[in-house]
Number of protein chains: 2
Amino acid sequence: MRDQFDLSEFLPYRLAVLSERVSKRVALAYSESHGLTVPEWRVLVHLSRCRQVSVREIHNCVNLEKPRVSRAVARLEAARLVDKAESQQDHRLVDISLTEAGRKLLDAIVPEALAVEQRLLSGLSEGDQERLLELMERLHSVLDADPRAAKRSRMDLGDSDGPA
Amino acid sequence: MRDQFDLSEFLPYRLAVLSERVSKRVALAYSESHGLTVPEWRVLVHLSRCRQVSVREIHNCVNLEKPRVSRAVARLEAARLVDKAESQQDHRLVDISLTEAGRKLLDAIVPEALAVEQRLLSGLSEGDQERLLELMERLHSVLDADPRAAKRSRMDLGDSDGPA
DNA sequence: TGACACTCGTTGCAAGTGAAACGATATTGC
DNA sequence: GCAATATCGTTTCACTTGCAACGAGTGTCA
């Protein structure tokens, strides 16, 4: 039992602090060296898996609000890292795809990002790593059952590539 | 080995997603009902443990940049939830303290926040909870040894109340 | 065919943010 | 005692953010 509310023992706070610290460290790999923001990085990474996607697709997959995706894509297009084209099937949609420069940039950044992740995980045995992910998953499950919690995006649930 | 970079399996991303989802859920306890922002909430909570503190103190303890603390305190003062007074010992410092209204607000919010945390943890045994914290701590340790990582704030290390 | 509801991506707006610069106060070294 | 330096909290500036509203395109159903 806790006699006094202590922020530093409050799980949501601890998660926020750890997450922010990790994010900042990883960001060095794409922000400092290559001038990318978090949304831009997420969009690029998502594009590396999906040839052509719409803003909505990205929004659903990488936990970014629609306007954030739209603006990130606009900046990436200005930097010639992605191409935008009106979809032929549905003229409301936009087909977003990596340019050659975008692909090259990713090829340079991804290994750095993975290296940071590897370093992070270096203190954990493989069993520990699985345990950590499993425990995080368990927290998600509670939120999945909570009607007042934000819905989880499709991709984060394990769907590999979206709908057929 | 990973043949393709998959954001949804990237630990920093997973941490960010979980943390944000948890934060949003907790925020319902103080944002929706009582109109507080995250920085304001952190400041209030910190004040509940320390009678009188400076902006710097708060900055060091709750992972908020100095300007963010300053502005949060200004808003809280406008809402009559905290008092600001020039320190007598050092005229550069500001003594920030809870008003009676601030204390009452916290008394109303804290149980809600704890309830959310309890619900979150309800899926985990006590052993699991300890394991989760321990694994998170292990990730912090790696960053502690990384010169390019952000430094950890004093309070998050376990120092209960700051310097003598 | 036409009216209605819906979805798409974008944009306007008000608010929040971080980095750097600021005035004011304290401290240090001579 | 006094200049130089450091620290405090605030503010300025450019930028990002989220929400809501928007115009444009699509689907639905009579």
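By convention in this document, chain letters (A, B, ...) are assigned in the order of the sequence lines, proteins followed by strands, and residues within each chain are numbered from 1. Side chains are part of it too, since the values below use all heavy atoms of this structure and drop only hydrogens, waters and symmetry mates.
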If you take all heavy atoms of B:Trp41 and B:Leu106, which pair is closest and at what distance? CZ3-CD2, 4.2 Å
Phosphate oxygens OP1/OP2 of D:dC8: is one of them under 4.0 Å from a side-chain N or O of B:Ser54?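 Answer no for this pair, as no side-chain N or O of B:Ser54 is under 4.0 Å from OP1 or OP2.
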Any B:Lys84 side-chain N or O less than 4.0 Å from OP1/OP2 of D:dT10: yes
Please determine whether any donor N or O and acceptor N or O are separated by less than 3.5 Å between the side chain of B:Arg71 and the base of D:dG9. no
Within this structure, what is the [atom1]-to-[atom2] distance between [X] and [N], rounded to whole angstrom?
{"X": "A:Glu86", "N": "C:dG9", "atom1": "CD", "atom2": "P", "value": "11 Å"}
{"X": "B:Leu64", "N": "C:dA19", "atom1": "CG", "atom2": "C1'", "value": "16 Å"}
{"X": "A:Arg92", "N": "C:dT10", "atom1": "CZ", "atom2": "C1'", "value": "15 Å"}
{"X": "A:Asp90", "N": "D:dT26", "atom1": "CG", "atom2": "P", "value": "5 Å"}
{"X": "B:Ile96", "N": "D:dG9", "atom1": "CD1", "atom2": "C1'", "value": "9 Å"}
{"X": "B:Arg75", "N": "D:dT11", "atom1": "CZ", "atom2": "P", "value": "13 Å"}
{"X": "B:Glu65", "N": "C:dG16", "atom1": "CD", "atom2": "P", "value": "17 Å"}
{"X": "A:Lys66", "N": "C:dG9", "atom1": "NZ", "atom2": "C1'", "value": "7 Å"}

Measure from the side chain of [X], starting at C-beta and using heavy atoms only, and say which of [options] lies closest.
{"X": "A:Ser70", "options": "D:dT11, C:dA26, C:dT11", "value": "C:dT11"}
{"X": "B:Arg68", "options": "C:dT17, C:dT25, D:dT17", "value": "C:dT17"}
{"X": "B:Val55", "options": "C:dT17, D:dT10, C:dA26", "value": "D:dT10"}

Using 4.0 Å as the upper bound for N to carboxylate O, is an ion pair formed by [Y] and [X]?
{"X": "B:Glu32", "Y": "A:Arg148", "value": "yes"}
{"X": "A:Arg25", "Y": "B:Asp146", "value": "yes"}
{"X": "A:Arg138", "Y": "A:Asp144", "value": "no"}

Mind checking whether B:Gln4 and A:Ser48 have side chains closer than 4.5 Å, heavy atoms only? no
Between A:Glu20 and A:Arg56, who's closer to the 5' end of DNA chain C by nearest nucleotide?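 Upstream on the strand: A:Arg56.
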